[in-house]
4 protein chains.
Amino acid sequence: MNHVILIGRLTRDPELRYTPNGVAVANFTLAVDRPFSNQEGAREADFIPVVVWQKLAETCANHLHKGRLVAVDGRLQIRSYETQDGQRRRVAEVVAANVQFLDRAGEARRTTPTGDAGSDASDDLGGDDFGEINLDDLPF
Amino acid sequence: MNHVILIGRLTRDPELRYTPNGVAVANFTLAVDRPFSNQEGAREADFIPVVVWQKLAETCANHLHKGRLVAVDGRLQIRSYETQDGQRRRVAEVVAANVQFLDRAGEARRTTPTGDAGSDASDDLGGDDFGEINLDDLPF
Amino acid sequence: MNHVILIGRLTRDPELRYTPNGVAVANFTLAVDRPFSNQEGAREADFIPVVVWQKLAETCANHLHKGRLVAVDGRLQIRSYETQDGQRRRVAEVVAANVQFLDRAGEARRTTPTGDAGSDASDDLGGDDFGEINLDDLPF
Amino acid sequence: MNHVILIGRLTRDPELRYTPNGVAVANFTLAVDRPFSNQEGAREADFIPVVVWQKLAETCANHLHKGRLVAVDGRLQIRSYETQDGQRRRVAEVVAANVQFLDRAGEARRTTPTGDAGSDASDDLGGDDFGEINLDDLPF
DNA sequence: TTTT
DNA sequence: TTTT
């Protein structure tokens, strides 16, 4: 069992790429407020990397932008890689199974001058919910 | 909202330390099986760092050992620190609010020759459950 | 382990009462969309009873109203009671540990003509988050 | 969003049935310990109905028995039905997407004299995990 | 109705 | 590096 559930805001627009096999993958970071204040009385946040695959990746890239509030559920994955000088480094990220919009498209600040979340008819949200993917079907 | 729920086995005995203010903190890593197999048909695992505070830290240090199966719930925290050569590095860890034993003490392989989980009377487990701490009371 | 996490909208204003010992308790029902459509292609919802205790109950009663979108986390409780004709009946409800506002107060339809969520200074939300209570402190 | 995560013990063996369309469905109840003690100092439990569909239903029926410890994740569903005298009644149950074994088959008390969880080769557990189903594929 |  |  490995479940992560987050509510937070995107710190930047999602980045959409494709694997050599043509599988869509999108990355973004969520700013998630901590449940307490620090010694200076300020509310800090955790900046949590999220990765999304397949159709959900394209839907996120089409509709999500910096500042949007979303709920993400998925699993916590630790990827291990080697740096150029041979050091082992780990990176943690949440592999999202589901992403749910929590504010209306018009409210978030738009950062891409040419994009238009409203006019894209290539995927139908069916409400605020991006639908769910089966984690077992993921290409990795 | 920031919730993480894991079931996995400790890769090593917990490490117990104390902050300068005398607050107990324990660290261990959980091996959590992934829900699918890789291309070679092998079941991989994520190795997820867990940190536990206060009385729960001491209870974990007293009763948990390498190989024990536990359920952890908490929140995902991203800590940022600087290396000696001035690089910014990030580390993700699960701050546990609750840890639940899922196998009997006798089943797990013991790694510390002198330790004795059974004879420590300083904390009473009241069953398999370590109890719950309030994340808002944590000293950080 | 018993964790429930919901995102949904209040079907009515919360009802606030007090136990004989003076402990505040609020009840409301959340409409939570199901992740799929039924045979007619319509999206149904589950109507899930939520109970909130102590200060969190008063904060919910002061600030939540019919139609508001919230995230709730807590545990699933099955209460058993006897009807007047001696039948045993069960009721399930989510005992909330935390409630998080997910839309601004002005957006939701107001149903109480005299209430004013904005002018109540008796509790400070400190943002959108009601804070967290310790389930172990609950009076039942 | 609607997520439930439970760890508890089966109060009875699962009941396996088939819908008119031949879809397998299994029911069982989990006893989930509450995180606190009542006024008499006793630890109570919630008795939570769980429903499992399709292949996972048959796997549960084949391998789970009264007393087994499992972790369940799924969603909370409120079904509404009418009694013979025309009253509207609600029943809550957790629709499981995943069920994970948390103790070995040999440890739990067996209640069915002829059953043999070990000799059934019709489904391979691949460890302790029943695999995951996609809630969107469910036949209801 | 209930599990350990 | 970061969101409101």
Side-chain angles (χ1 to χ4, degrees), chain A residues 6-15 27-34 42-50 64-72 101-104 106-111, chain B residues 1-2 78-82 86-90 100-105 107 125-129, chain C residues 1-2 78-82 86-90 100-105 107 125-129, chain D residues 6-15 27-34 37 42-50 64-72 101-104 107-111:
Chain A
L6 306 173
I7 295 179
R9 293 186 184 275
L10 278 78
T11 64
R12 308 191 56 174
D13 293 355
E15 288 179 24
N27 290 274
F28 55 84
T29 296
L30 276 192
V32 180
D33 288 338
R34 291 190 175 166
R43 199 80 173 284
E44 290 179 272
D46 288 291
F47 296 95
I48 301 179
V50 176
L64 286 183
H65 298 278
K66 177 180 179 178
R68 289 293 310 262
L69 184 69
V70 296
V72 165
F101 283 1
L102 296 175
D103 51 12
R104 307 269 86 228
E107 301 174 31
R109 186 168 48 146
R110 296 298 308 281
T111 58
Chain B
M1 178 157 304
N2 181 336
I78 311 286
R79 264 190 308 120
S80 169
Y81 66 95
E82 220 159 292
Q87 288 191 308
R88 190 142 273 335
R89 208 66 66 72
R90 270 152 223 307
Q100 187 175 352
F101 283 0
L102 295 176
D103 50 13
R104 307 269 88 227
E107 299 175 32
L125 292 184
D128 283 330
D129 197 339
Chain C
M1 177 158 304
N2 182 336
I78 311 286
R79 265 191 306 120
S80 170
Y81 65 96
E82 217 159 295
Q87 288 192 306
R88 189 145 273 334
R89 206 68 63 74
R90 272 154 222 304
Q100 187 176 354
F101 283 1
L102 296 176
D103 52 12
R104 309 269 87 229
E107 299 175 32
L125 292 184
D128 283 330
D129 197 339
Chain D
L6 305 172
I7 295 179
R9 293 187 184 275
L10 278 78
T11 63
R12 310 191 55 172
D13 293 355
E15 288 179 25
N27 291 273
F28 54 86
T29 296
L30 277 191
V32 179
D33 287 338
R34 293 190 174 167
S37 301
R43 199 80 172 286
E44 291 178 90
D46 288 292
F47 295 95
I48 300 179
V50 177
L64 286 183
H65 297 278
K66 177 180 179 179
R68 289 293 310 262
L69 184 69
V70 296
V72 165
F101 283 0
L102 295 175
D103 52 12
R104 307 269 87 228
E107 300 175 31
R109 187 169 47 146
R110 296 296 309 281
T111 57

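Being a predicted model, the structure only gives us computed values, none of them experimental.
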Checklist entry - Of all the nucleotides listed (F/dT4, E/dT1, E/dT3), which has the minimum atom distance to the side chain of C/Arg88? => result E/dT1
Checklist entry - From F/dT4, E/dT2, E/dT4, pick the nucleotide closest to the side chain of D/Asp33? => result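 So the side chain of D/Asp33 is nearest to E/dT4.
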Rounded to whole Å, please give me the gap between [atom1] in [X] and [atom2] in [N].
X: A/Phe101; N: F/dT3; atom1: CZ; atom2: P; result: 19 Å
X: C/Arg79; N: E/dT1; atom1: CZ; atom2: P; result: 15 Å
X: D/Phe28; N: E/dT1; atom1: CZ; atom2: C1'; result: 17 Å
X: A/Asp103; N: F/dT3; atom1: CG; atom2: C1'; result: 11 Å
X: D/Asp13; N: E/dT3; atom1: CG; atom2: C1'; result: 12 Å
X: D/Ile48; N: E/dT1; atom1: CD1; atom2: P; result: 17 Å
X: D/Arg34; N: E/dT2; atom1: CZ; atom2: C1'; result: 14 Å
X: D/Phe47; N: E/dT4; atom1: CZ; atom2: P; result: 11 Å

Item to check | Contacts of C/Glu82 that satisfy side chain to side chain contact (heavy atoms under 4.5 Å, CB included) - sequence neighbours left out | outcome: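 C/Glu82 satisfies side chain to side chain contact (heavy atoms under 4.5 Å, CB included) with C/Arg88 once adjacent residues are dropped.
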Checklist entry - Taking only side-chain nitrogens and oxygens of D/Arg12, does any of them come within less than 4.0 Å of OP1 or OP2 of E/dT3? => result no
Checklist entry - For E/dT1, does either OP1 or OP2 sit under 4.0 Å from a side-chain N or O belonging to C/Arg90? => result yes
Checklist entry - Can you name the one residue among D/Val50, D/Leu102, D/Leu64 that meets side chain to side chain contact (heavy atoms under 4.5 Å, CB included) with D/Val70? => result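 Only one of D/Val50, D/Leu102, D/Leu64 forms a side chain to side chain contact (heavy atoms under 4.5 Å, CB included) with D/Val70, namely D/Leu64.
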Checklist entry - Who passes side chain to side chain donor-acceptor pair (under 3.5 Å) against D/Glu44, sequence neighbours left out? => result D/Asn38
Checklist entry - Hey, are the side chains of D/Asp103 and D/Arg68 touching, using non-hydrogen atoms and a 4.5 Å cut-off? => result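 The answer is yes; the side chains approach within 4.5 Å.
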